Amino acid sequence: MANVVNEGAAGRRTRSLRAEDALKALAVEPDSPERLRRVLEQALVFGGASFAAVYTPSEDGELLCLVESAGVPRTLYGLRDGYALAGPSPVADAHRTGLPLWLGPAELADCAEARRVPSRDFHLAVLPLHGDDGGGCLAAVSESPGGFDAEDRACLQLIAEAVAFPALPAAAEGGELPAGAFSLAMDTGRVEVGDDILELFGLRPDHFDGKVETLLGLTVPEDLPSLMSVVEAGHMSIGDRELEFRVLQPSGPPKWLRLRGRLLPGGEGHPARLVGTVADTSTLRAEVTDVARVQRLAAALATAGTVRDVSHAVVTALRKPLHADRIALAELENDRLVVTVLDPPQPESWPQLWRTEWRTEWPDAPVRAMPTLAAALREGRPQIWPAGTPLEPALADVGPGGLAVLPLPAGGRMAGACLIGWDAPHDFGPDERALLTASAGLAGQALLRAHAVDAEHELVGMLQRQLLPRRLPRLPGAKAVARYLPTTAGLEVGGDWYDVIPLPDNHVALVIGDVQGHSAAAATLMGQMRTALRAYAAEGHPPDVVVHHANRLLIDMETDLFATCAYVDVDLEEGTAWCVRAGHLPPVLRHPDGSTEIAEAEGGPPLGVMREADFPMSPLRLQPGTVIALTTDGLVESADADIDTGIDRLAHALARSDPAHLGLVADALLVGARRSDDVALLLLRYEGMAVRPLRESWTVWRVPEAVGHARRFTRRTLRSWGLPAQDMDAVLLVVSELVTNALVHTDGRVRLDLTLVNQRLRVAVADASPRTPVKPAGISWEATGGRGILLVEAMSAAWGTVPVSGGKQVWSEVALGG
């Protein structure tokens, strides 16, 4: 046990030393724009933090503002962009007192400013920064149950010091010089050099005389002018400089070295100094040809799935190694270039033509506007123009210090072009030319391949959109919205679907389902099932019969796939609903008081599994303001949570939502949805009908006086509804003709339905025959029949027929009070 403890302690000490080494490596470039973030990343590596951030005082001195962060999103811990200096927050407290704070979940529970996400337990560390620029704070978060241990705290203290004091090489402040650093006095030429640098120049420490001329004498003569521009103060402004040069070797080719320096102004009695590092870049120089760097580009392009992925891979592989100021990549479509990436993306970084012509949603510009570019594309090989070359403004301003144009060939044609520009005069060496040539061929092939992938993505998306409803219907007394997110994994179409089906008598059917798998077969089956359910619902079957018919249909199709489905028939007049589940998730209800309920709807097996399956109906009671939510498992199931947990999360999120804005509710519920599976979401807000129709029904018996009975029933009903007498005759005539046709031309039961809403009376007669009545083309004066449908058409504002449960319903609407 003692050995284990000792090894653990040694490991922690090693971690602290590694943190010091990492921070020293970052200290040689104190003004680098990425330095602060890279320092914060050390808190994630060595300090046990999942998030780290720096807050500094604002210009007015009233706020501590977030200036940089690293790690997971800060919103997971409720941390803000800024805190009032006089406010009661841990960040402000640490800044005012100058003492570090180490807070656990118990302390954070009492601090509303520090924690606004009660579902996560975490520890917060806030360390003051005692810098010359007004200080600030380093904030770090740990989700470790024990928080920050002693070694974590020591590492965070080192990181806080590195943030507050961007250290220079030790010799710049009179201390011991790091092995790879140097410090040059600009007035005397005396230089202090670390042992590693002397080894790179082939010198022993006891043989070095401390003169910069000794080192310059060992460099390749061709590289002396550029190197002298660094060591002569008159040629270098205050700030950073980076340069590569070669030193002679006793045998073999020269060795490539990279100098990174920073010129520091001298104070009173102190000369200006150049401090920095020198490193061996021989292996890096080999990469700039066509070995490791091109291999990395090829690997990145091999996994690039879209045109934008290819573009970003090319930018990553070329801009930084070539020290370019801007790079653009565009596809060639006919005679136009369609830009996919501009780096940097700010419009002001590009010429005026690029801002006006190319800074749109689908930026493009004609190639003929740039003849030099058109000529380069025709030749099909990389072209390089050094500074001062006369070019058209659209190209000259891209690279005033040098411009490279890489035509991207693929498949016997030009797939696009890559433009690389420099602001300062740039010398193009043979290594860079080799890199550009190799990259062009790789990028062209990848661009052509990615274009085909993008086209397939678009085809998949178009197919998916065609299989789903183009728009949802407007409903009386309710509003419905739907959302669909296709999976981002692969190109195959998913099987999730939804539908909203208006039904007679102010009913509406809500349908959501999921076909097993992601394939063209699943998508085809999804379209078939959606169409079948809509057809069975339109026939007037009750919900359980609709789902039962769909199940039988799927089994008869003899497919290996099955489907789950939830079907909810909502009566918009009465505020009631019947739910049928076939292996699918239950509906989630949000009541008007904000409470939520996972409906206890009894379910049957998935469709296509059992031929004689039962699909019981479960009642749902709705009040005005109730929201019904139906979804597929892609929204609620994940690798770290089962379906029950996911449905509970959905219910809690629905409870916190504002049902007045149903579209925003749907968008909020999809935030954070995993994209490894399709997600379908259907919401309906029941509002209640402002005007409820009046309804009466009459079963017509097959007796000689049947038509007279139907007319007397109609007359009594209309009188009870208060209809004026002048409208009676037209309605009674329509009733007589429809009932007579049903009795004469069909067998079985006949039913008469009367519905009154908004001064419009609907007369509907249902019978058992599926045969639709045919309007005669013409009738002679001698004919004794065939005039019934013509009379109905003449007396009606509209009429028609719909299938109902194996039979049909012939209906007529009569406008009243006209």
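Only heavy atoms go into these numbers, but all of them, side chains included; no hydrogens, no water, no symmetry mates. Since we're looking at a predicted model, the values are computed, not measured.
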**OP:** Specify the closest pair of heavy atoms between P344 and D325, including all atoms of both residues, with the distance to one decimal.
**Re:** CD-O, 3.3 Å
**OP:** For residues L85 and L64, report the shortest heavy-atom separation together with the two atoms involved.
**Re:** CD2-CG, 3.4 Å
Original post:
After noting the C-alpha distance and the side-chain angles of L138 and L129, does the key distance pass the side-chain contact (heavy atoms from CB on, under 4.5 Å) rule?
Top reply: CA-CA 7 Å; L138 168 69; L129 306 177; 4.0 Å; yes
Subject >> Criterion side-chain contact (heavy atoms from CB on, under 4.5 Å) on L329 and V315, from CA distance to verdict >> reply: CA-CA 8 Å; L329 194 139; V315 169; 5.6 Å; no
Subject >> Y55/V67 under side-chain contact (heavy atoms from CB on, under 4.5 Å): CA gap, chis, key distance, verdict >> reply: CA-CA 6 Å; Y55 291 82; V67 295; over 6 Å; no
Side-chain atoms of residues 386-394: list all donor-acceptor pairs with protein atoms under 3.5 Å, sequence neighbours left out, distances to 0.1 Å.
residue, atom, partner, partner atom, Å
T389, OG1, P386, O, 2.8
E392, OE1, T372, OG1, 2.6
E392, OE2, T372, N, 2.8
E392, OE2, T372, OG1, 3.3

**OP:** Indicate the atoms forming the closest heavy-atom contact of A53 with L66, along with that distance.
**Re:** CB-CD1, 3.3 Å
Subject >> Heavy-atom check, side chain of V278 versus side chain of F182, under 4.5 Å >> reply: yes
Original post:
Is there a side-chain contact between K255 and V247 (heavy atoms, below 4.5 Å)?
Top reply: yes
**OP:** Enter the distance from L203:CG to D209:CG here, rounded to the nearest 0.5 Å.
**Re:** 8.5 Å
Subject >> Closest contact, heavy atoms only, S144 versus S142 >> reply: N-OG, 3.2 Å
Subject >> Pairwise side-chain contact, H95 with P128, heavy-atom cut-off 4.5 Å (strictly under) >> reply: no
Subject >> L198 versus P205, closest heavy-atom pair with distance >> reply: CD1-CA, 3.7 Å
Original post:
Just how far is it from atom NE2 of H123 to atom CD of E143, taken to the nearest 0.5 Å?
Top reply: 10.0 Å
Original post:
Can you check whether F201 reaches L257 side chain to side chain, under 4.5 Å on heavy atoms?
Top reply: yes
**OP:** Compare every heavy atom of V126 with every heavy atom of A94, then report the nearest pair and how far apart it is.
**Re:** CB-CG1, 3.5 Å
Original post:
When rounded to the nearest 0.5 angstrom, what is the spacing between CD in Q42 and CD1 in I159?
Top reply: 6.5 Å
**OP:** Please confirm whether the backbone N or O of H323 pairs with a side-chain atom of W422, one donor and one acceptor, at under 3.5 Å?
**Re:** yes
Original post:
So, do I327 and L419 sit near enough that their side-chain heavy atoms are less than 4.5 Å apart?
Top reply: no
Original post:
Quick one: are L40 and V54 in side-chain contact, heavy atoms under 4.5 Å?
Top reply: yes
Original post:
Do the rings of Y77 and F51 sit parallel, tilted or perpendicular, given the 30° and 60° boundaries?
Top reply: tilted
Original post:
If you round to the nearest 0.5 Å, how far is CD of Q249 from CG of L200?
Top reply: 9.0 Å
**OP:** Please answer whether the main-chain N or O of I420 pairs with a side-chain N or O of R326 as donor and acceptor at a distance below 3.5 Å.
**Re:** no
Original post:
So, do W102 and L156 sit near enough that their side-chain heavy atoms are less than 4.5 Å apart?
Top reply: yes
Original post:
Heavy atoms, side chains only, cut-off 4.5 Å: are D423 and P400 in contact?
Top reply: yes
Original post:
What distance separates L124 CG from L101 CG, expressed to the nearest 0.5 Å?
Top reply: 8.0 Å
Original post:
Is NZ or CZ of R80 both nearer than 6.0 Å to the six-membered ring centre of Y83 and within 45° of the ring axis?
Top reply: yes
Subject >> Backbone N/O of F148 and side chain of R153: donor-acceptor pair under 3.5 Å >> reply: yes
**OP:** Might you work through the side-chain contact (heavy atoms from CB on, under 4.5 Å) test for L406 and V314, ending with a clear yes or no?
**Re:** CA-CA 11 Å; L406 278 66; V314 173; over 6 Å; no
Subject >> Between CG on residue L218 and CZ on residue R246, distance to nearest 0.5 Å >> reply: 14.5 Å
